[in-house]
Participant: 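Pasting a structure below so you can have a look.
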Protein chains: 2
Amino acid sequence: MVKRTSFEHDDCPIARSLDAIGDWWSMLIIREALFGVSRFGEFQKRLGLAKNILAVRLRALVDQGILKTAPASDGSAYQEYLLTPKGRGVFPILVALRQWSEEFDEHPEEIASILVDKEKGRPVRKLELYSQDGRLLGAGDTALKPRTAVKQNRRVRA
Amino acid sequence: MVKRTSFEHDDCPIARSLDAIGDWWSMLIIREALFGVSRFGEFQKRLGLAKNILAVRLRALVDQGILKTAPASDGSAYQEYLLTPKGRGVFPILVALRQWSEEFDEHPEEIASILVDKEKGRPVRKLELYSQDGRLLGAGDTALKPRTAVKQNRRVRA
DNA sequence: GCACCTGGTTTAATATTGCAACCACACAAA
DNA sequence: TTTGTGTGGTTGCAATATTAAACCAGGTGC
């Protein structure tokens with residue numbers, strides 16, 4: 001493989017996100033963490049993934065500042081993994097993934113849960129993208145602009 | 001490896017999305033397609049990925065109804081790959097990924113482009129999640145509810 | 001007819017994943 | 001204090017996926 005291509009230094013922010021959290025397990029680990037899971041064993045039980053790869057993923061997420069380790073909260077001498085603000089910031093991505101499934105999945109009847117507003121218990125609205133002056137935007141209403149002060153001769157991609 | 005674990009029949013909609021488009025290249029292919037790229041060679045040139053894996057990914061995306069093939073538009077006898085509505089529905093996911101990078105990346109100065117509203121040329125707002133009665137929701141304001149008519153004894157995950 | 005472009009497939013090397021077995025430490029009971 | 005059990009890993013090995021590079025077939029251009 002030579003090396004799985006890394007997008008760490010790509011100039012596309014989508015590629016950069018994918019490089020950080022764009023693999024199946026990382027995203028699911030963060031999903032569980034958002035629901036309060038914090039212990040190694042609990043991640044392993046709920047996700048059913050191999051312990052070695054869980055260990056690698058947790059370390060990578062900690063290195064990237066998405067999770068942080070803390071010295072236990074239930075009194076035991078073990079540690080727990082907690083989300084940082086950066087980690088909690090993944091929430092909209094997970095919501096977008098969920099809503100895409102809900103809208104386009106071939107077998108929506110297999111989907112077991114729906115995301116609701118905690119206060120009223122009613123399903124949430126679809127994520128919406130607005131312009132600064134409040135117009136609802138679709139993909140076609142947007143464009144990419146090079147950032148100011150971008151180094152020349154770097155290819156602007158997306 | 002025995003087999004890379006598939007989430008195709010997982011009951012979590014996030015896992016199901018990831019199973020469909022949760023790998024680096026698929027997401028980036030869709031990103032390019034949203035910008036109008038439609039030809040094999042152009043995907044290959046812009047993404048710089050090996051042609052064999054591009055072929056595999058394109059086939060998978062077509063099988064899943066995210067892309068469809070059409071018999072050329074520039075007159076040549078070749079075919080092109082176009083997004084279906086399901087494919088265009090990925091847009092919010094890409095926006096969410098982009099915004100996460102913009103907000104939390106360690107080296108934001110390396111990000112080359114910003115997403116703007118085409119009409120005014122101004123940066124778009126952050127994606128926002130609302131309740132049905134219009135309140136802005138964060139991760140903590142939401143909960144998961146089992147779908148009605150869900151088969152019993154299936155574990156509700158997320 | 002001949003070169004070359006497009007859109008792939010094949011091959012072989014290397015990386016990643018996954019399972020299972022092992023291990024070290026904490027804690028608890030006997 | 002030995003024995004047992006749960007937690008949180010690490011190690012080894014086999015299977016699979018990714019990759020670059022070489023190859024190839026049909027269309028197109030000249």
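Convention: sequence-line order gives letters A, B, ...; per-chain numbering from 1.
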Participant: Take the protein atom CZ of Arg59(B) and the nucleotide atom C1' of dG7(C), then report the distance between them rounded to whole Å.
Facilitator: 11 Å
Participant: Name the closest nucleotide to the Arg57(A) side chain, picking from dT17(C), dG18(C), dA21(D).
Facilitator: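 Nearest listed nucleotide: dT17(C).
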Participant: Side chain of Trp25(B) only, heavy atoms from C-beta on: which candidate in dT19(D), dT10(D), dG27(D) is closest?
Facilitator: dT19(D)
Participant: Look at Gln79(A) and dG9(D) and indicate whether a side-chain polar atom (N or O) is within less than 4.0 Å of OP1 or OP2.
Facilitator: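 Yes, because at least one side-chain N or O of Gln79(A) sits under 4.0 Å from OP1 or OP2 of dG9(D).
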Participant: Among dT10(D), dG18(C), dA21(D), which nucleotide has an atom closest to any side-chain atom of Ala50(A)?
Facilitator: dG18(C)
Participant: Closest approach to the side chain of Phe40(B), judged atom by atom: which nucleotide of dG9(D), dG18(C), dG8(C) is it?
Facilitator: dG8(C)
Participant: Return the 5'-most residue of the pair Lys51(B), Val56(A) with respect to DNA chain D, ranking by each residue's nearest nucleotide.
Facilitator: Val56(A)
Participant: Picking from dT6(C), dT18(D), dA22(D), which would you name as closest to the side chain of Arg39(B)?
Facilitator: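 Output: dT6(C).
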Participant: To the nearest angstrom, how far is Lys45(A) atom NZ from dG6(D) atom C1'?
Facilitator: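 Taking NZ of Lys45(A) and C1' of dG6(D), I get 10 Å after rounding.
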Participant: Is there side-chain contact between Lys51(B) and Phe40(B), with at least one heavy-atom pair below 4.5 Å?
Facilitator: yes
Participant: What about Asn52(B), does its side chain sit under 3.5 Å from the base of dT10(C) through a donor-acceptor pair?
Facilitator: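 Per atom types, the contact qualifies.
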Participant: Would you tell me if any nitrogen or oxygen in the side chain of Tyr81(A) comes within less than 4.0 Å of OP1 or OP2 on dT7(D)?
Facilitator: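 Indeed not, no polar side-chain atom of Tyr81(A) lies that close.
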Participant: Whole-Å distance between dT16(D) P and Ile53(B) CD1?
Facilitator: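 Going from CD1 in Ile53(B) over to P in dT16(D) covers 18 Å.
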Participant: Just compare dT19(D), dG6(D), dG7(C) and give me whichever is closest to any side-chain atom of Tyr78(B).
Facilitator: dG7(C)
Participant: Atom CG of Asp23(A) and atom C1' of dA15(C): how far apart are they, to the nearest Å?
Facilitator: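 Between C1' of dA15(C) and CG of Asp23(A): 14 Å.
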Participant: In this structure, how many angstroms lie between the C1' atom of dA17(D) and the CH2 atom of Trp24(A), rounded?
Facilitator: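 The answer, rounded to whole Å, is 9 Å.
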Participant: What is the distance from CG of Leu47(A) to P of dT17(C), rounded to the nearest Å?
Facilitator: 15 Å
Participant: Is there a donor-acceptor pair under 3.5 Å between the side chain of Gln132(B) and the backbone N or O of Arg122(A)?
Facilitator: no
Participant: Does the side chain of Phe91(B) reach to within under 4.5 Å of the side chain of Thr142(A), using non-hydrogen atoms?
Facilitator: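 SC-SC contact between Phe91(B) and Thr142(A) confirmed.
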Participant: Any side-chain heavy atom of Leu54(B) sitting closer than 4.5 Å to one from Ile29(B)?
Facilitator: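 Yes, side chains in contact.
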Participant: Whether the side chain of Arg147(A) engages the backbone of Glu109(B) through a donor-acceptor N/O pair (distance < 3.5 Å, no angle test) should be reported.
Facilitator: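 Pair found, side chain donor or acceptor close to backbone of Glu109(B).
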Participant: Can you tell me the distance, in whole Å, between the CG atom of Leu54(B) and the C1' atom of dT9(C)?
Facilitator: 13 Å
